[in-house]
Number of protein chains: 2
Amino acid sequence: MVASFKKQIVLRFSRNFLDILVLRLVQAEPMWGYKIIKKAETLFGIKLRHGAIYPLLNSLEGSGFLRSKQEIQGRRKRRVYEATPKGTQFINTYYDFLNEQLQMHDIKE
Amino acid sequence: MVASFKKQIVLRFSRNFLDILVLRLVQAEPMWGYKIIKKAETLFGIKLRHGAIYPLLNSLEGSGFLRSKQEIQGRRKRRVYEATPKGTQFINTYYDFLNEQLQMHDIKE
DNA sequence: CTTGATATGTCCGAAAAAAGACATATTGTA
DNA sequence: TACAATATGTCTTTTTTCGGACATATCAAG
C-alpha cells in the first residue's frame, strides 16, 4: 500500500512540478532535453514526454530560469541548458518551502 | 522576487495537493469543511472554494482516507472528519517523499 | 540499407480540473 | 428584520492539461 502511495505521489509531483524537476536536474549538471528525459527515467523511474519537455525548456528560458547554448559536434546539434541565478533562486525557495512543510510535521510528532 | 516565488509555490501546492493539505489539517485536529476553509486562510493565506472542498471530503471518505460523524448542536449540523490509519499512512508517505527531496538537495550543497 | 537511438520541435482532440453560480438552512448581530 | 456568518451541497461552463500523433534530421550498428 505504502509503495503505491509513493508511486502516486512521485507521479503527481512530476506532473505538477515538472518545471522544478527540470530545474533541479539542470542545476545539478547542465544538460539538454533528451538527456533530461533519460535522467528522469533512470534516477526517478519517471517517463517524460518529449512533447512536454521541449516547450517547457523554451518557456523556462523565455522567463529567465534557464539559459542555453547550442552545442555542435559535426552535424549533430543539441541545446544545452543551465540554470540562471533566477532559476537557482526559485528552486532554493522551493526547498525552503519543503523545509517549512516538514517542520510543521516534526512539531506534531 | 523570492516572496512572489514563495506565494506561487504555496498556491501550486494547495491546488495540486489539496487532498494532502486537507488530510494534514484534519489529522492535526478533527474538523469540518467550513473550518478547513477558514484554517487554510488563517494558517496559509489560501482561499479554498467550498465547491471544491465538500466533494473532496466526500471522496476522501469514500476512498477510506477520512471518516466522519455528524455533530448536532440544537438544529445546527456539521460533519466532523478525522484521518483514518490509511489517511495517516498516506501523509506519512508524503512526508517521507519530502525528506527524500531535501536529502538530494543537501548532498549537492 | 534499414532499424534503433539520439535530438528537437509542433499541434490537436480528449480528458480533467477550476471558477463560479445556484441552492438551502441555521444562527448571531445590528 | 435584514445582513453577515456558519454550514453543506450540486452543477455547468470555461480553462487547462495530457496523451499521442506528425514532422524532421543525424548517427551507429547489424
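Note that the structure is predicted; figures quoted are calculated from it, not measured. A, B, ... follow the sequence lines: proteins, then strands. Residue 1 opens every chain. Any value given below was found using the heavy atoms of this structure, including those in side chains, with hydrogens, waters and symmetry copies removed.
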Where do N or O atoms of nucleotides 12-16 of chain C meet protein N or O atoms at under 3.5 Å, pair by pair?
none

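- Residues that satisfy the side-chain hydrogen bond (donor to acceptor under 3.5 Å, both in side chains) test with B:Lys69, not counting sequence neighbours, are absent from this structure.
- Across the protein-nucleic acid pair, B:Phe17 atom CZ and C:dA17 atom C1' stand 15 Å apart, rounded to whole Å.
- Residues that satisfy the ring-ring contact (aromatic ring centres under 6.0 Å, His included) test with A:Phe97, not counting sequence neighbours, are B:Phe13.
- Summarising the geometry, the separation between CG on B:Asp19 and P on C:dA18 is reported as 11 Å, rounded to the nearest angstrom.
- The main-chain N or O of B:Gly64 is found under 3.5 Å from a side-chain atom of B:Thr84 such that the two form a donor-acceptor pair.
- The NZ atom of A:Lys39 sits 14 Å away from the P atom of C:dT6 (whole-angstrom rounding).
- Remark: B:Arg79 engages B:Ser68 in a side-chain hydrogen bond (donor to acceptor under 3.5 Å, both in side chains) (not counting sequence neighbours).
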Checklist entry - What string of B, S and - do you get for nucleotides 3-19 of chain D 5' to 3' if you count protein non-hydrogen atoms under 4.0 Å? => result --SBBBBB-------SB

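- Regarding B:Leu56, its CG atom lies at a distance of 11 Å from the P atom of C:dA17, rounded to whole Å.
- Annotation: side-chain hydrogen bond (donor to acceptor under 3.5 Å, both in side chains) contacts of B:Lys35 (sequence neighbours excluded): B:Glu29.
- Atom CG of A:Leu48 is separated from atom C1' of D:dG20 by 15 Å (rounded to the nearest Å).
- Using a 4.0 Å cut-off on heavy atoms, none of the residues of residues 61-71 of chain A approach DNA chain C.
- When the side-chain contact (heavy atoms from CB on, under 4.5 Å) test is applied to B:Ser63, the partners found at least two apart in sequence or on another chain are B:Phe65.
- Listed by chain and number, the residues in a salt bridge (charged side-chain N to carboxylate O under 4.0 Å, His left out) with B:Arg15 amount to none (sequence neighbours excluded).
- Listed by chain and residue number, A:Lys6 satisfy the side-chain contact (heavy atoms from CB on, under 4.5 Å) test with B:Glu100 (two or more places apart in sequence, or in another chain).
- The CD1 atom of A:Ile53 sits 16 Å away from the P atom of D:dG20 (whole-angstrom rounding).
- In this structure A:Gln8 satisfies the side-chain hydrogen bond (donor to acceptor under 3.5 Å, both in side chains) test with no other residue, sequence neighbours excluded.
- In this structure, the side chain of B:Arg12 engages the main chain of A:Asn16 through a donor-acceptor pair within 3.5 Å.
- Residues meeting the salt bridge (charged side-chain N to carboxylate O under 4.0 Å, His left out) test with A:Glu61, sequence neighbours left out: none.
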